[in-house]
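So the structure is just underneath, and the comments pick up after that.
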Protein chains: 2
Amino acid sequence: MSAIETPTGDELLKILTALGNPHRMRIVAALAQGRNYVSRLAREIGVSRPLLHMHLQRLEAAGLVVGSLELSDSGKAMKFFELAPFAYALTPQVVAEAAGTLTDQDENEKQNEKQDETRHRKARTQ
Amino acid sequence: MSAIETPTGDELLKILTALGNPHRMRIVAALAQGRNYVSRLAREIGVSRPLLHMHLQRLEAAGLVVGSLELSDSGKAMKFFELAPFAYALTPQVVAEAAGTLTDQDENEKQNEKQDETRHRKARTQ
DNA sequence: CTTGGGTGTAAGAAGAATCTGACATGTGGC
DNA sequence: GCCACATGTCAGATTCTTCTTACACCCAAG
């Protein structure tokens with residue numbers, strides 16, 4: 001069985017913006033019928049390959065699909081994508097809880113934190 | 001108990017794009033603690049009132065919140081918003097099924113034609 | 001070595017979403 | 001009248017997302 005995941009605010013945000021797009025919804029629908037590689041998928045759903053590439057990246061960044069570069073028997077590199085078995089509940093409580101852990105806003109100094117700590121070390125006595 | 005709703009493609013798309021925004025997630029979180037009126041909510045979550053107005057419209061259009069214009073005992077008009085008790089499941093199957101009913105593209109001009117526009121510009125020859 | 005099919009990515013145009021700063025309206029109280 | 005506080009809306013600037021059009025590379029078959 002599949003447990004219902006409880007994502008953090010940023011994760012949920014990425015998931016929602018990833019799925020909140022007609023093309024990407026269709027991509028998910030297409031992959032629900034089985035894995036596929038990029039060029040073929042692009043032909044099947046009538047989308048340019050670079051565009052599909054962008055959408056797949058967005059879906060993969062949200063953890064909704066997984067891609068793997070494989071070598072076909074004839075030696076060609078082909079990138080296959082398949083669905084990740086995600087399961088999220090969309091309720092006010094889930095959204096409210098996730099909103100509490102949103103790291104957005106002007107908290108741009110997100111990764112500057114760790115640097116600030118280390119730069120406080122020993123004085124430059126040389 | 002709350003049954004899990006199965007939206008159409010367009011509905012799900014509106015829901016996802018409505019929730020896929022940090023501000024609107026925080027608005028949902030704020031309303032999860034009780035109903036509130038616009039100006040006060042704007043002050044509490046630190047957002048300009050016109051901006052909050054826009055976000056609330058988006059949430060209401062998606063059916064996630066409901067607003068009602070009420071008259072306070074002192075006669076002032078105040079628009080209260082509260083959460084709608086939504087509950088959606090976010091799984092590949094749900095998305096795939098919804099994607100099939102996407103009325104996407106600009107096939108919006110289906111029955112948008114209702115009446116003949118006043119294209120009779122009379123020649124004002126006096 | 002050219003063609004066909006696979007991969008990735010970057011630049012810039014086009015479009016949509018977001019946000020601010022006015023403006024307009026109504027009410028009650030001083 | 002003026003102020004405080006509520007409502008709504010609009011124009012424009014800004015920013016983000018989406019999409020096209022190129023370019024790069026690799027491998028195999030003709």
Side-chain angles (χ1 to χ4, degrees), chain A residues 10 13-28 35-62 64-82 102 104-108, chain B residues 10 13-28 35-62 64-82 99 102 104-106 108:
Chain A
D10 295 332
L13 184 58
K14 232 188 301 186
I15 290 164
L16 291 173
T17 57
L19 287 176
N21 176 284
H23 276 150
R24 291 194 285 269
M25 281 178 65
R26 287 211 202 78
I27 293 171
V28 169
R35 50 187 264 134
N36 207 343
Y37 66 94
V38 182
S39 288
R40 195 153 96 93
L41 185 56
R43 281 189 298 262
E44 288 182 1
I45 63 183
V47 166
S48 78
R49 192 179 54 83
L51 184 54
L52 177 61
H53 184 268
M54 194 265 309
H55 286 311
L56 282 172
Q57 272 196 163
R58 234 158 135 51
L59 286 170
E60 189 174 33
L64 301 172
V65 305
V66 286
S68 64
L69 187 63
E70 305 179 4
L71 290 201
S72 80
D73 36 351
S74 61
K76 288 185 192 168
M78 305 167 82
K79 183 135 194 185
F80 278 85
F81 277 91
E82 63 187 316
L102 272 176
D104 93 323
Q105 195 95 346
D106 42 1
E107 261 86 301
N108 292 343
Chain B
D10 295 331
L13 183 57
K14 232 189 300 186
I15 291 163
L16 292 173
T17 56
L19 286 176
N21 175 285
H23 276 150
R24 291 194 284 270
M25 283 179 63
R26 287 210 201 81
I27 292 172
V28 168
R35 50 187 265 135
N36 208 343
Y37 64 96
V38 182
S39 288
R40 194 153 95 93
L41 184 56
R43 281 190 297 263
E44 288 182 2
I45 63 183
V47 166
S48 78
R49 194 177 52 82
L51 183 54
L52 176 60
H53 184 271
M54 193 269 300
H55 285 312
L56 281 172
Q57 271 194 163
R58 234 157 135 53
L59 286 170
E60 190 173 32
L64 301 172
V65 304
V66 287
S68 63
L69 186 62
E70 305 179 5
L71 290 200
S72 79
D73 32 352
S74 62
K76 288 186 192 166
M78 304 168 82
K79 184 137 192 186
F80 277 85
F81 276 90
E82 64 186 317
L102 271 177
D104 135 286
Q105 294 280 93
D106 14 21
N108 289 345

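Labels below follow one simple rule: chain letters A, B, ... track the order of the sequence lines, proteins then strands, and each chain is numbered from 1. When reading the values below, keep in mind they use all heavy atoms of this one structure, side chains included, and skip hydrogens, waters and symmetry mates.
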In the structure I gave you, are the side-chain heavy atoms of [X] and [Y] within less than 4.5 Å of one another anywhere?
X: A:Leu52; Y: A:Leu41; result: yes
X: B:Ser39; Y: B:Arg43; result: yes
X: B:Ile27; Y: B:Val47; result: no

Let me know the distance between [atom1] of [X] and [atom2] of [N], rounded to the nearest Å.
X: A:Met78; N: D:dA28; atom1: CE; atom2: P; value: 13 Å
X: B:Leu69; N: D:dC5; atom1: CG; atom2: C1'; value: 15 Å
X: B:His55; N: D:dG8; atom1: NE2; atom2: P; value: 15 Å
X: B:Arg40; N: D:dA6; atom1: CZ; atom2: P; value: 10 Å
X: B:Leu51; N: D:dG8; atom1: CG; atom2: P; value: 14 Å
X: A:Leu56; N: D:dT18; atom1: CG; atom2: C1'; value: 15 Å
X: B:Asp73; N: D:dC5; atom1: CG; atom2: P; value: 16 Å
X: A:Glu70; N: D:dC27; atom1: CD; atom2: C1'; value: 17 Å

- Message: Is A:His53 close enough to D:dC19 that one of its side-chain N or O atoms is under 4.0 Å from OP1 or OP2 there?
- Response: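 Answer no for this pair, as no side-chain N or O of A:His53 is under 4.0 Å from OP1 or OP2.
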- Message: Check this one for me: any side-chain N or O of A:Ser48 less than 4.0 Å away from OP1 or OP2 of D:dT20?
- Response: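 Result: yes.
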- Query: For B:Gln57 and A:Arg24, take the nucleotide of DNA chain D holding the closest heavy atom to each; which residue's nucleotide lies nearer the 5' end?
  - Reply: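 On the 5' side of the pair lies B:Gln57.
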- Compare every heavy atom of B:Met25 with every heavy atom of B:Leu19, then report the nearest pair and how far apart it is.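 Taking B:Leu19 first and B:Met25 second, the nearest heavy atoms are O-CG, 3.2 Å.
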- Task: Return the minimal non-hydrogen interatomic distance between A:Arg24 and A:Thr17, and the atom names on each side.
- Result: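 Here A:Arg24 and A:Thr17 meet closest at NH2-O, 3.0 Å.
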- May I ask you to say what B:Arg58 touches in the nucleic acid, namely base, sugar-phosphate or nothing, with a heavy-atom cut-off under 4.0 Å?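 Contact class for B:Arg58: sugar-phosphate only.
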- When we call it a touch if two heavy atoms are under 4.0 Å apart, what does A:Val47 touch: a base, just sugar-phosphate, or nothing?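 No contact.
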- Item | Contact interval (first through last nucleotide) of DNA chain C with protein chain A, 4.0 Å heavy-atom |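 Listing 5' to 3', DNA chain C meets chain A from C:dG6 to C:dT9.
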- Message: Test side-chain contact (heavy atoms from CB on, under 4.5 Å) on B:Tyr37 and B:Glu70; report intermediate values, then the result.
- Response: CA-CA 10 Å; B:Tyr37 64 96; B:Glu70 305 179 5; over 6 Å; no
- Passes side-chain contact (heavy atoms from CB on, under 4.5 Å), B:Arg58 versus B:Met54? Steps please. CA-CA 6 Å; B:Arg58 234 157 135 53; B:Met54 193 269 300; 4.3 Å; yes
